[in-house]
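Just so you know, ligand 1 is whichever comes first in the structure, and atom 1 is the first atom listed for that ligand. One-based numbering along the sequence shown.
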Amino acid sequence: MTIDSAVQRKIMGQFATGVTVVSTQLKNGETWGMTANAVTSLSLDPPLVLLAVVRDSQSHRQFSEENCFALNILAADQQQLSDRFAYAGPKDFSGLEVTSATTGAPILKGVLGWVDCRIKEILPGGDHDIFIGEIVAGESGEGEPLLFFGGKYASINLNPSE
Ligand SMILES: Cc1cc2nc3c(=O)[nH]c(=O)nc-3n(C[C@H](O)[C@H](O)[C@H](O)COP(=O)(O)O)c2cc1C
């Protein structure tokens, strides 16, 4: 049986995820970002993460050409950042406060955590490719996460008694 893609999307939408902005610095000094939730921690030794990227997207070309990316883990109040980097075309960092990670990738102010990675391998995954990144730097913060669930943004209440 081949599952209908709308059905697959609906089923897998029940799997709640966080939301990241994947960033990199281009050779011309410009910055690039893409909203992504197909992200997971893969290995501790060596320290690896996994990111699935649509094969025929501009982001695929930019991350693979630079051979690195950073995952910015968004906080509950950063939904506008997710929306801002979820569309095809030029990625606009204007007006955003950023710092620069080891690879030069921009790290957005106020994120819950970030990891900066060099790409170790790119594996085929249907209409996506799987980017395996080796973590070269990272930091965690505190706060509540932005979630994606059932095709919509969601949040969790960490203090249900309040
Ligand atoms: C919540 C959310 C999660 C997304 N996750 C991914 C993802 O994991 N991988 C991906 O390739 N695109 C993902 N997208 C879509 C990309 O953000 C979007 O297609 C991309 O920015 C298109 O730009 P480009 O064609 O210029 O690369 C996601 C979008 C949203 C709103």
Review point. Below 4.0 Å from any atom of ligand 1, is there a heavy atom belonging to Lys91?
Key: yes
Practice item. With sequence neighbours excluded, tell me which residues meet side-chain hydrogen bond (donor to acceptor under 3.5 Å, both in side chains) with Thr103. Key: Asp116
Practice item. Could you tell me how the ring of His60 sits relative to the ring of Phe131: parallel (under 30°), tilted (30 to 60°) or perpendicular (over 60°)? Key: perpendicular
How far apart are the closest heavy atoms of [X] and [Y], and which atoms are they?
X     : Y      : answer
Gly33 : Phe93  : N-CE1, 3.7 Å
Ala75 : Leu146 : O-CB, 3.4 Å
Ser23 : Asn72  : OG-ND2, 3.2 Å

Check your understanding: How many angstroms lie between atom CD1 of Ile119 and atom SG of Cys117, to the nearest 0.5 angstrom?
Key -> 8.5 Å
Practice item. To the nearest 0.5 angstrom, please state how far the NZ atom of Lys120 sits from the CD1 atom of Ile132. Key: 9.0 Å
Please check whether [X] reaches ligand 1 - meaning an N/O of the residue sits under 3.5 Å from an N/O of the ligand, judged on distance alone.
X      : answer
Gly89  : yes
Phe148 : no
Val54  : yes
Ala52  : yes
Tyr153 : no
Leu51  : no

Starting from [atom], find the nearest protein heavy-atom neighbour and note its residue, name and distance.
atom                    : answer
atom 3 (C) of ligand 1  : Asn37 OD1, 3.5 Å
atom 10 (C) of ligand 1 : Met34 CE, 3.6 Å
atom 31 (C) of ligand 1 : Ala86 CB, 3.7 Å

Practice item. May I ask which of Thr35, Val39, Thr17, Asp127 has a heavy atom nearer to atom 6 (C) of ligand 1 than the others do? Key: Thr35
Number the atoms of ligand 1 from 1 as they appear, then name those within less than 4.0 Å of a heavy atom of [X], with their elements.
X     : answer
Ser57 : 25 (O), 27 (O)
Ala38 : 8 (O)
Ser59 : 24 (P), 27 (O)

**Study point:** Single hit among Val39, Asn37, Leu51, Val111 for side chain to side chain contact (heavy atoms under 4.5 Å, CB included) with Thr20
**Key:** Val39
Review point. Between Tyr87 and Asp92, is any side-chain donor less than 3.5 angstrom from a side-chain acceptor?
Key: no
Exercise for review: Among Gln62, Glu66, Glu65, find the residue that satisfies the side-chain hydrogen bond (donor to acceptor under 3.5 Å, both in side chains) test when tested with Lys27.
Suggested key: Glu66
Study note, to complete from the structure: Note: Trp32, heavy atoms under 4.0 Å from ligand 1, region reported as side chain
